[in-house]
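The block underneath contains the structure these notes are about, expressed in structure tokens.
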Amino acid sequence: MIEYVIPDFNIDQIARSGQCFRFRREEEGRYSLIAGGKWLDIEQNGETVRFSCTENEFEGFWRDYFDLNADYGRYKSKVAKRDAYLRAAVETGSGLRILRQELWETIICFIISQQNNIPRITKCVDGLCTLFGEARQRANGEVYHAFPTAERLAQCTPEELSPIRLGYRAKYICATARQVASGAVDLEKVACMKYADAKNELLRLTGVGIKVAECICLFGLHHIDAFPIDTHIRQMLDAHYPKGFPLTRYRGFAGVMQQYAFFFELETQNNR
DNA sequence: TGCCAGGTGCTCG
DNA sequence: CGAGCACATGGC
């Protein structure tokens, strides 16, 4: 167990922001997370955050995963004073971070995300891990499952995935797993590419279109200039930026602004 | 009950 | 090239 004081960090907002589907809310202010095959408990009280790992594990993996070396105060300070919408969004999601998630896992999670809602995406991802992910043990002996490898999923037929209730996405997942496992699409190469090239390469994967490719770039490759446009963002753009979103103003980190806006739309969709 | 959810692939013209 | 349509599933 290790404890830090971290500004611009809110685990509740991050867990509910729909960028990662392996958070579980254990109780008020307490979450668990599986990433990089590792289990982590997180507990937050104000700016004080406790992580269930050693300092070495934190410095060697989780600090980077939570993007803690980036200064989100600097991103926020770039928001235009007159932009009432984005200012409200940034205030509401003041503790968001763009997590540095594993590429393969991000590809599959966002193929699942299409025409789907966050609770059910979470269920599907959980089912995929439980059925095909490598079983691991926590310090207390409890078993959890890592995210299944491309090689494992490449052996699956859509019928074998049917208990997960992925719907028509099951065949996309099988096809994409085969493309990756065979090396037809080389993820190690994709990881070294510039944003535009990476996006084009990802578009070759079955079930990956523009929007999903943008999400993979943003969350799985940390190309924070990627700007995914989904139904919520589409509505938001039409309502608040009829003349177009000021992408040039936020060139280089527009994806961070997108994430504040996306979270804000999630938070406010009930009362509107 | 029909609409919607972090869309994509395919098929026409 | 772009509009239109099918595609699975579950919650409201």
Side-chain angles (χ1 to χ4, degrees), chain A residues 13-23 86 89 92-93 96-99 101-103 105-128 130-131 153 156-180 184-185 199-241 245 247 254-272:
Chain A
Q13 293 172 5
I14 294 167
R16 295 188 296 111
S17 68
Q19 57 177 307
C20 171
F21 304 97
R22 300 219 73 193
F23 281 97
L86 207 47
T92 298
L96 287 172
R97 298 263 157 180
I98 307 292
L99 301 177
Q101 299 182 69
E102 199 270 316
L103 177 56
E105 176 170 344
T106 308
I107 289 170
I108 296 303
C109 288
F110 280 89
I111 286 176
I112 292 172
S113 78
Q114 62 187 212
Q115 285 297 108
N116 212 340
N117 55 65
I118 292 176
R120 204 166 81 86
I121 297 165
T122 305
K123 257 177 216 158
C124 290
V125 171
D126 192 52
L128 208 52
T130 303
L131 262 114
L153 292 184
C156 291
T157 62
E159 294 71 50
E160 291 173 274
L161 301 188
S162 63
I164 305 170
R165 314 298 288 164
L166 292 158
Y168 68 88
R169 307 168 195 85
K171 57 182 182 295
Y172 292 167
I173 289 170
C174 295
T176 283
R178 276 184 263 114
Q179 284 173 284
V180 170
V185 174
K199 179 176 163 184
N200 279 326
E201 193 64 11
L202 290 167
L203 284 172
R204 295 178 51 212
L205 295 169
T206 309
V208 175
I210 305 271
K211 186 268 168 183
V212 168
E214 298 271 6
C215 283
I216 298 167
C217 283
L218 182 55
F219 303 126
L221 292 166
H222 207 73
H223 291 307
I224 58 172
D225 40 348
F227 194 89
I229 298 177
D230 62 26
T231 64
H232 293 127
I233 295 294
R234 180 77 269 159
Q235 275 184 42
M236 178 280 287
L237 291 175
D238 292 345
H240 300 283
Y241 301 92
F245 188 78
L247 281 174
V256 179
M257 297 300 147
Q258 192 273 4
Q259 191 60 14
Y260 287 126
F262 180 78
F263 183 73
F264 190 52
E265 291 301 302
L266 279 190
E267 292 294 281
T268 56
Q269 73 182 357
N270 294 324
N271 39 20
R272 190 153 44 81

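These numbers come from the heavy atoms of this one structure, side chains and all, not from hydrogens, waters or symmetry mates. Here is how names work: the chains are called A, B, and so on, in the same order as the sequence lines, proteins then strands, and each is numbered from 1.
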Atom-to-atom span, [atom1] of [X] to [atom2] of [N] - whole angstrom:
X      : N     : atom1 : atom2 : value
A:L202 : B:dG7 : CG    : P     : 17 Å
A:I173 : C:dA8 : CD1   : C1'   : 12 Å
A:M236 : B:dG6 : CE    : C1'   : 13 Å
A:R234 : B:dT8 : CZ    : P     : 14 Å
A:I210 : B:dG9 : CD1   : P     : 10 Å
A:Y172 : C:dC7 : OH    : P     : 11 Å
A:Q179 : B:dG9 : CD    : P     : 10 Å
A:Q259 : B:dG6 : CD    : C1'   : 10 Å

Does anything in [range] come within less than 4.0 Å of DNA chain C? Heavy atoms only, and list the residues if so.
range                       : answer
residues 213-223 of chain A : none
residues 112-122 of chain A : A:Q115, A:R120
residues 163-170 of chain A : A:R165, A:G167, A:Y168, A:R169

Whole-Å [atom1] distance, [N] and [M]:
N     : M     : atom1 : answer
B:dC4 : C:dC7 : C1'   : 15 Å
C:dA6 : B:dG6 : P     : 23 Å
C:dA8 : B:dA5 : C1'   : 12 Å

For the [atom1] atom of [X] and the [atom2] atom of [Y], what is their distance to the nearest 0.5 Å?
X      : Y      : atom1 : atom2 : answer
A:C174 : A:L166 : SG    : CG    : 8.5 Å
A:M236 : A:F262 : CE    : CZ    : 11.0 Å
A:Q259 : A:S17  : CD    : OG    : 4.5 Å

Ion pair present between A:D230 and A:R234, side-chain N to carboxylate O less than 4.0 angstrom? no
Applying a 4.0 Å non-hydrogen cut-off, can you work out what [X] is touching in the nucleic acid: base, sugar-phosphate, or nothing?
X      : value
A:G207 : sugar-phosphate
A:S17  : base
A:L161 : nothing

Quick check: closest heavy atoms across [X] and [Y], and the distance to 0.1 Å?
X      : Y      : answer
A:C109 : A:I121 : O-CG2, 4.2 Å
A:Q258 : A:I233 : NE2-CG1, 3.6 Å
A:G18  : A:I118 : CA-CD1, 3.8 Å

Is there a side-chain contact between A:K171 and the phosphate of C:dA8, meaning an N or O under 4.0 Å from OP1 or OP2? yes
Check: A:E201 side chain, A:V185 main-chain N or O, donor-acceptor pair, under 3.5 Å: no
Just checking, any donor-acceptor pair under 3.5 angstrom between side chains of A:E160 and A:T157? yes
Check the pair A:E105, A:R22 against side-chain contact (heavy atoms from CB on, under 4.5 Å), reporting the backbone distance first and the verdict last. CA-CA 10 Å; A:E105 176 170 344; A:R22 300 219 73 193; 3.4 Å; yes
Would the A:F264 and A:Y260 ring centres measure less than 6.0 Å apart? no
Are the ring of A:F262 and the base ring of B:dG6 both nearer than 5.5 Å at their centres and tilted by less than 30°? yes
Evaluate the criterion side-chain contact (heavy atoms from CB on, under 4.5 Å) for residue pair A:L205 and A:V180; output intermediate values, then yes/no. CA-CA 8 Å; A:L205 295 169; A:V180 170; 4.1 Å; yes
